[in-house]
Amino acid sequence: MASEDVQRGLEDVVALESRICFIDGKGGRLLYQGYDIRELAARSTFEEVAYLLWYGRLPTPAQLEQLTQRLAALREIPPGLREILDRIPKDSSPMDVLRTAVSALAIFEPEETKPGASSIGGALRLTAILPSVLGYYHRRRRGLPPLPSRPDLSHAAYFLAALDDRAPSPLDVKALDVALILHADHELNASTFAARVTASTLSDLYSAVTSAIGTLKGPLHGGANARVMDLLDDIRAPERAEEVVKDRLAKHERIMGFGHRVYKVEDPRATILREWSRQVGEAHHDLRYYETLRALEGVVHREKGLYPNVDLYSGSVYTLIGIPEDLFTPTFAVSRVVGWTAHVLEEYQDLRLIRPMAHYIGPTDLHYTEPAERA
Ligand code: SDX
């Protein structure tokens, strides 16, 4: 083995076969189980897409109704988990809260976490409860009582209601539903790969999702959407975009929301979210984010030839519909838990322990010395 055999970051390494998601990095296309994300974003719902990713086909009306009812029925937080959430400091990282909640849930509900369980029960439970956990934590840290789970609300509407006791507009709910569709899966991104590595040892579904949440937290992956808003705060107005970007690039800093390991053209999800950022901005009479992001795109492409990824516009939509910045990455997790669990179930069905190798570059001829003899 030699250094040239090493593919750092597993770049361009094909690790396994999957039917769940296809990314055409050169053409800028994204398919879920064969369906183009643009059609799904325009015509589907998050619940329908969840069914598609888990079962490999679009649901009949009866199947969709049953899934919707099962998700609504699984929103309740068990008392033991509430006690743990009540003890978590109010200034904790919401991603740490999600990771802790999934770990704790496995202890209170072991039936869904049997190693290698191919049941979809755990996938439904985790998908249903993450909005409840986030809502419970976000209300509690502001001294507000938890919202009772509202089986009358769709997943997206429930998520917004769980955060705040206000009736979001149908447009805001639709914008979130589309964002949840767009974030639901993305082949072997780092957090999904972490979930599959965990599942490939025949560990349980909840452990795999715990691995994934810890991975998504990183700013080079799920954490970029919030960092884009910090960048917008620095830029403040479209005419300052060039100055700020050039300054950051001169310091060899990454511009959050741009670039992608697989897409070599515009991320199709960014295309869709750009339009939603404009629509929601118009509805809320606040196009500041949209206009500054458009200016930012032009400068980054001119200076670095980079294209926007899914994280560039999502934060502006979330901010306008009332989701606080430190809940942006958790919102990504609320959606991506469907993809994580779909991949874990696929791994269980065609299991192969995932275990790459390292090219060792250290010494091979050292001998033990007594402590007194060491320098
Ligand atoms: C997500 O994998 C997925 O599918 C992830 C995701 C999903 O749905 O799960 O799509 C979600 O994570 C989207 C990406 C969110 N992250 C960011 O927006 C952070 C900023 N982006 C970069 O850090 C970067 O683009 C990555 C991490 C996303 C991809 O980096 P790569 O493929 O490892 O590319 P690289 O680091 O080798 O960079 C290649 C060149 C370098 O220039 P040189 O040093 O060779 O001159 O491009 C430059 C980089 O400096 N570059 C950037 C840049 N991204 C790459 N320069 C400035 N700003 C950037 N954002």
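Just so you know, ligand 1 is whichever comes first in the structure, and atom 1 is the first atom listed for that ligand.
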Only heavy atoms of [X], strictly under 4.0 Å: list the atoms of ligand 1 that pass.
X: Ala224; answer: 15 (C), 16 (N), 17 (C), 18 (O)
X: Leu220; answer: 12 (O), 15 (C), 16 (N), 23 (O)
X: Gly257; answer: 17 (C), 18 (O)
X: Asp311; answer: 1 (C), 13 (C), 14 (C), 15 (C)
X: Gly259; answer: 25 (O), 28 (C)
X: Met256; answer: 18 (O), 19 (C)

Who gets closest to [atom] by heavy atom: [options]?
atom: atom 5 (C) of ligand 1; options: Arg336, His252, Glu187, His260; value: His260
atom: atom 35 (P) of ligand 1; options: Arg8, Glu11, Arg254; value: Arg254
atom: atom 12 (O) of ligand 1; options: Lys264, His221, His183; value: His221

### Query
How long is the span from the NE2 atom in His138 to the CG atom in Leu147, to the nearest 0.5 Å?
12.5 Å
### Message
Can you tell me how far apart CD (Glu291) and OG (Ser316) are? Round to the nearest 0.5 Å.
### Response
12.0 Å
Strictly inside 4.0 angstrom of [atom], do you find any protein heavy atom?
atom: atom 10 (O) of ligand 1; value: yes
atom: atom 37 (O) of ligand 1; value: no
atom: atom 44 (O) of ligand 1; value: no
atom: atom 23 (O) of ligand 1; value: yes
atom: atom 14 (C) of ligand 1; value: yes

### Task
Under the side-chain contact (heavy atoms from CB on, under 4.5 Å) rule, collect the residues that match up with Leu353, sequence neighbours excluded.
Ser200, Thr201, Arg355
### Message
Any nitrogen or oxygen of Val310, side chain or backbone, less than 3.5 Å from one on ligand 1?
### Response
no
